[in-house]
Amino acid sequence: MFFRVVHHPRQANDLILIPGGGQPQGPLYDFYVSKYEVRNEDFAEFLNDAEAHPGDARGANMYFAYNGKVYFDATENSSEVLFDITLSRLMYNSSNPIGTRYTVYPDFLGHPIVGVSWYGCVKYCNWITVESGRGEAARCYSEGTTPSDWHPVHLTSAHWTDGFDDSERLQWVQNYAGFRLPMDDNQNVASYYNEWYKAAAWSGTSNVLYGFGRNTIIGPDANYSGSGDPFETFTPGTTPVGYYDGTLRDGVYQTASNANAHGIFDLTGNADEWVNDNHPSSVPTCRGGGWSGSLVPNNTVHGDLQRHGANNRTGFRVFTTVP
């Protein structure tokens, strides 16, 4: 059975406010975080719309291969991957009309998207900026047909490569109303532009180790290897976003509430999540830990990946400085 993905742009209306201040040494400005990780059906909607709009901002700089993989262009260069469908729970039927070719395996509706590279996350952020009505000028990232074309829109490639300094971060926060990945300021502790740490660690009174608002972890808290949830036999072993909500699932699995003090789910567990910044190794990092391993505290970098490094563990959520 195949399910058609219908139009329901959710990232524009499930944003959680993270107020400025409160956290010592943390961000003093307001920003907004998606309550959930981007789901399979959200990403399928994006891909379908982008494939139907190759000539405008919605689908520019995307080449759709016959098997559903997505690259910058028809060269299908392995360093220019936006999305590797073989690592995800999406299906692609090239015989369907353009705009309906991507669907989700029915059993994995509501699960976070995986198989998406840093570039794919960035393109999704630009797309949802346009889709939500904010306009092309609000987009936070530049795009193109080579890796050096992809970076914060107000920087040159050289300025992006040599590091994201505070004045450049401030310009981005103040002048662009679009969706983006979270900055982590190359820090594992609170700092003025460490948005990830503020969202994941700050409980309102102190910084805690895990994104669900506690300093200890047991199986019912989050989806990680050995947590005991019913999806552990699958690969990828994601759960639906928000699955850990304190209820008894299917009459057999008791969850603890995974929402933190801000009301955000899965900042620890389920899918690792891409962040924006280059790190000393000049590649981005993911945070939070996910279904395939032990969970890491909020003050720990989970791992560096090449920007084209799609895998079946890593997804993302969107941030913005404008509601």
**Asked** Is D277 salt-bridged to R169, cutoff N-O under 4.0 Å?
**Response** yes

**Message:** Grouping I, L, V, M, F, W and Y whenever their side-chain heavy atoms are under 4.5 Å apart, do V114 and W118 come out in a common cluster?
**Reply:** no

**Item:** Connected via hydrophobic side-chain network under 4.5 Å: I113 and V122
**Value:** yes

For [X], check side chain to side chain contact (heavy atoms under 4.5 Å, CB included) against everything at least two apart and list the hits.
{"X": "N311", "answer": "L305, R313, T314"}
{"X": "S94", "answer": "Y92"}
{"X": "N260", "answer": "H262, I264, L267"}
{"X": "P19", "answer": "L17, D30"}

**Message:** Test: side-chain hydrogen bond (donor to acceptor under 3.5 Å, both in side chains). Region: residues 54-64. Which pairs qualify, not counting sequence neighbours?
**Reply:** D49-R58, R58-E131, N61-E143

**Message:** Under the rule for side chain to side chain donor-acceptor pair (under 3.5 Å), what residues qualify as partners of T235, not counting sequence neighbours?
**Reply:** none

Members sharing [X]'s hydrophobic cluster (side chains within less than 4.5 Å):
{"X": "L87", "answer": "none"}
{"X": "L248", "answer": "none"}
{"X": "L209", "answer": "Y210, F212, I217, Y224, L295"}

**Item:** Pairing residues for Y105 by the ring-ring contact (aromatic ring centres under 6.0 Å, His included) criterion, not counting sequence neighbours
**Value:** none

**Prompt:** Short question: side chain of N175, backbone of W172 - any donor-acceptor pair under 3.5 Å?
**Reply:** no

**Request:** With sequence neighbours excluded, give me every salt bridge (charged side-chain N to carboxylate O under 4.0 Å, His left out) pair touching residues 66-76.
**Result:** K69-D84

**Prompt:** Is it true that the side chains of E232 and S227 contain a donor and an acceptor less than 3.5 Å apart?
**Reply:** yes

**Asked** Excluding sequence neighbours, so at least two apart, what forms salt bridge (Lys or Arg N to Asp or Glu O under 4.0 Å) with R101?
**Response** E51

